[in-house]
Amino acid sequence: MESALVSRSVGSSFAAAAPRGCLPRPSRVATFTGARARARPLRAGPPKDSILEALAKDDMLNAEELVQWENGKSVNGIAASQGIRIRRHCRPTASLKEIEEEMGAPRNILEKIIWDKEIEVAEGLAKNPLKEVMEAAVKAPPSRDFYGALEAAYKRNGVPALIAEVKKASPSRGVLRENFNPVEIAKAYEKNGAACLSILTDEKYFQGSFENLEKVRTSGVKCPLICKEFVIDKWQIYNARSKGADAILLIAAVLTDLDIKYFLRICKELGMTALIEVHDEREMERVLNINGVKLIGINNRSLETFVVDTANTKMLLEKHGDSIREKGILVVGESGLFTPDDVAYVQNAGVSAVLVGESLVKQEDPGRAIAGLFGKELLH
Ligand SMILES: O=P(O)(O)OC[C@@H](O)[C@@H](O)c1c[nH]c2ccccc12
C-alpha cells in the first residue's frame, strides 16, 4: 500500500529526495552551500523524476527518508543515520584545500576516493551531459546476462563461478602487473573458464580506464563484464552501459538505501545486473531489506582500513544465509582469495561465485593461474 506521505511527496519534493548524489542537477547543486548545508526541497515545481515515481508506485520509497528530506536534513545526515561513515563534500567546483578547511581531511582512503570521484563525475557531466550519455546507453549493443552466466557456471562446475578481475594496481597493493595488456588478460581469463570479467575503470587509484572496458568489449570476448567503479551518481551507470558494461558495482558503504533503490531501478531499465557490495553486518541488513536485490558481494577487504579477512564472508553468511537463500539471492565472495582452500572455505560458507584479482593478475600466465586457484580446470 502506498502511504499517504509517499503519495503526497510525489511531485512535491521528488527532486530534493533524489539520491544523495549531490552533483547531478544544477538545481540541486544550488541548494547546497557547503558540507553542512541543508538540502531544501525545491518548492517551485521540480522536474518530475520518473525513477522515483516508479519506486513510489511499487511502494519502494522509504517514507522516513523522505521525511528527513522534508525536514531539511543534510545528505550526510541521512547517510549517517543509516550507519554510513563516508561523507560527501558536495562541492565539485571547490578546491581540495577549501573542502578540507570545511570538513577536515578525508577520514580514510574510501572517503578520499569518493571526494575525488565527486569532482571527476562533475567534470564528466560537463563534458558529456546526462541526456547524451543516456541516449548512448540506450543505443549500445544489448547487455549480456551477468547473473545468468554466474548461475550457469556454478551449476556446471560445482565450484563457485569465477569473476576474474582485470586489475593493474590498487591503493593497498600498488602496481600488481607491470606489463599490463587488458585484452590479453581478458582473453586468457575467458579461455580458462571465467564466467564473467570485472574491469576496473577508476584511473586515479586503480590505474584502470573506460578505454580498457571498451577495448575488452570490442575484442571478441563474450563473457559479461562488470564495470568496477565507485558509483555515486546515475550518470556513471549510463556511461558504463554506453561503453559496454553488462553489470555495475554498487558499494553499500557509500550509498544510502534510496541511492541503492534508485540505481537498481536504472540497472533494471538498462538490462544490467547490479552487484551490491557489503562488508559488515549493518550493510548486509540494509541491503537485505531492499527489494529486487539479486546479487550481493561480500568484500573480505575493508575499503576503509584495507584489512582482508575471509572469515568475514563466513560470519555474515552464518547470520544471514537463511534469509539470503529464501530470497534466492546469489552471493559473491570478494577479495583475498589465493588458494583452492580459500575458494573451498568461502564455498562452504555459502557463496556461489568469487571475485578474484590479485592472485591471478600477478602470475606470469593469468589464464593458467585459474586452474591453480580452483585446483582444477574450469569448463565453459
Ligand atoms: O585483488 P583481490 O584481492 O582478489 O580483490 C578483487 C576485488 O574483490 C577487489 O578489487 C574489489 C572488491 N571491491 C572493490 C571495490 C572497489 C575496487 C576494488 C574492489
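The analysis underlying the following values was restricted to heavy atoms, covering all of them including side chains, and did not include hydrogens, waters or symmetry mates. Start at 1 and go down the list; that is how both ligands and their atoms are numbered.
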J.: Which part of E165 is near ligand 1, with near meaning a heavy atom under 4.0 Å away: side chain, backbone, both or neither?
T.: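 For E165, the contact with ligand 1 is made by the side chain alone.
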J.: Numbering the atoms of ligand 1 from 1, which are under 4.0 Å from a heavy atom of V356?
T.: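 Checking each atom against V356, I get 4 (O).
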J.: Could you work out, for atom 12 (C) of ligand 1, the closest of R301, K228, K167 by heavy-atom distance?
T.: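 Going through R301, K228, K167 one by one, K228 has the nearest heavy atom to atom 12 (C) of ligand 1.
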J.: Do R217 and I199 touch side chain to side chain, with heavy atoms closer than 4.5 Å?
T.: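 Contact flag for R217/I199 side chains = no.
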J.: Are S359 and ligand 1 in contact, using a heavy-atom cut-off of under 4.0 Å?
T.: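 No, S359 has no heavy atom closer than 4.0 Å to ligand 1.
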J.: When you measure from the side chain of E111 to the backbone of R87, do you find a donor-acceptor pair of N or O atoms at a distance under 3.5 Å?
T.: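 Yes: the side chain of E111 pairs with the backbone of R87.
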J.: Within the distance-only criterion (no hydrogens, no angle test), does the side chain of N299 pair as donor or acceptor with the backbone N or O of E277 below 3.5 angstrom?
T.: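 Flag not set: sc N299 to bb E277 has no pair under 3.5 Å.
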J.: What do we get for R173 next to ligand 1 when only non-hydrogen atoms under 4.0 Å count, side chain, backbone, both or neither?
T.: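 R173 to ligand 1: no contact under 4.0 Å from either part.
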J.: Among protein heavy atoms, which sits nearest to atom 17 (C) of ligand 1, and what does the distance come to when rounded to 0.1 Å?
T.: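 Ranked first by proximity to atom 17 (C) of ligand 1 is F206 CZ, 3.4 Å.
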J.: Between M103 and W115, is there a side-chain heavy-atom distance shorter than 4.5 Å?
T.: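 They are in side-chain contact.
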J.: Around atom CD of E281, are there more than 12 heavy atoms from other residues, nucleotides or ligands closer than 6.0 Å?
T.: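 Above 12, so yes.
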J.: Is the closest heavy atom of Y205 to ligand 1 under 4.0 Å?
T.: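 For ligand 1, residue contact (heavy atoms, under 4.0 Å) with Y205 is absent.
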J.: Looking only at heavy atoms of L337, does any of them come nearer than 4.0 Å to an atom of ligand 1?
T.: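 Contact absent.
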J.: Could you tell me the residue and atom name of the protein heavy atom closest to atom 15 (C) of ligand 1, and the distance to it rounded to 0.1 Å?
T.: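 Nearest neighbour among protein heavy atoms for atom 15 (C) of ligand 1, to 0.1 Å: L249 CD2, 3.6 Å.
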J.: Could you find the nearest protein heavy atom to atom 8 (O) of ligand 1 and give me its residue, atom name and distance?
T.: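 Checking every protein heavy atom, the shortest distance to atom 8 (O) of ligand 1 gives S335 OG, 2.7 Å.
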J.: Checking a contact table here: which protein heavy atom is nearest atom 13 (N) of ligand 1, and how many Å away?
T.: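 The closest heavy atom on the protein side is E277 OE1, 2.7 Å.
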J.: Can K117 be said to sit on top of F230's aromatic six-ring, NZ or CZ under 6.0 Å from centre and within 45° of the ring axis?
T.: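 No, K117 does not lie over the aromatic ring of F230.
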J.: Count the heavy atoms belonging to other residues, nucleotides or ligands that lie under 6.0 Å from CD of E377, then report whether that count exceeds 12.
T.: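 No, not enclosed.
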J.: Going by side chain to side chain contact (heavy atoms under 4.5 Å, CB included), L255 matches just one of L250, I84, I86. Which one?
T.: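 Running side chain to side chain contact (heavy atoms under 4.5 Å, CB included) over L250, I84, I86 with L255 returns exactly one hit, L250.
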J.: Which ligand 1 atoms are under 4.0 Å away from a heavy-atom of E358?
T.: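 Close to E358: 1 (O), 2 (P), 4 (O).
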J.: With heavy atoms of E334 as the reference, note each atom of ligand 1 found under 4.0 Å away.
T.: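 What qualifies from ligand 1 is 8 (O), 12 (C), 13 (N).
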J.: Could you tell me the residue and atom name of the protein heavy atom closest to atom 4 (O) of ligand 1, and the distance to it rounded to 0.1 Å?
T.: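 So the nearest neighbour among protein heavy atoms is G357 N, 2.7 Å.
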J.: Who's the nearest protein heavy-atom neighbour of atom 16 (C) of ligand 1, and how far?
T.: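 Nearest protein contact, heavy atoms only, for atom 16 (C) of ligand 1 is F230 CZ, 3.4 Å.
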J.: Hey, are K228 and E165 close enough for a salt bridge, meaning a charged N less than 4.0 Å from a carboxylate O?
T.: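 Yes, this pair counts.
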J.: Would you mind listing which atoms of ligand 1 come within a distance below 4.0 Å of any non-hydrogen atom of G336?
T.: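 Near G336, meaning under 4.0 Å from one of its heavy atoms, ligand 1 has 2 (P), 3 (O), 4 (O).
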J.: Can you tell if the side chain of S219 reaches within under 4.5 Å of the side chain of K187, non-hydrogen atoms only?
T.: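 Yes, at least one pair of side-chain atoms sits under 4.5 Å.
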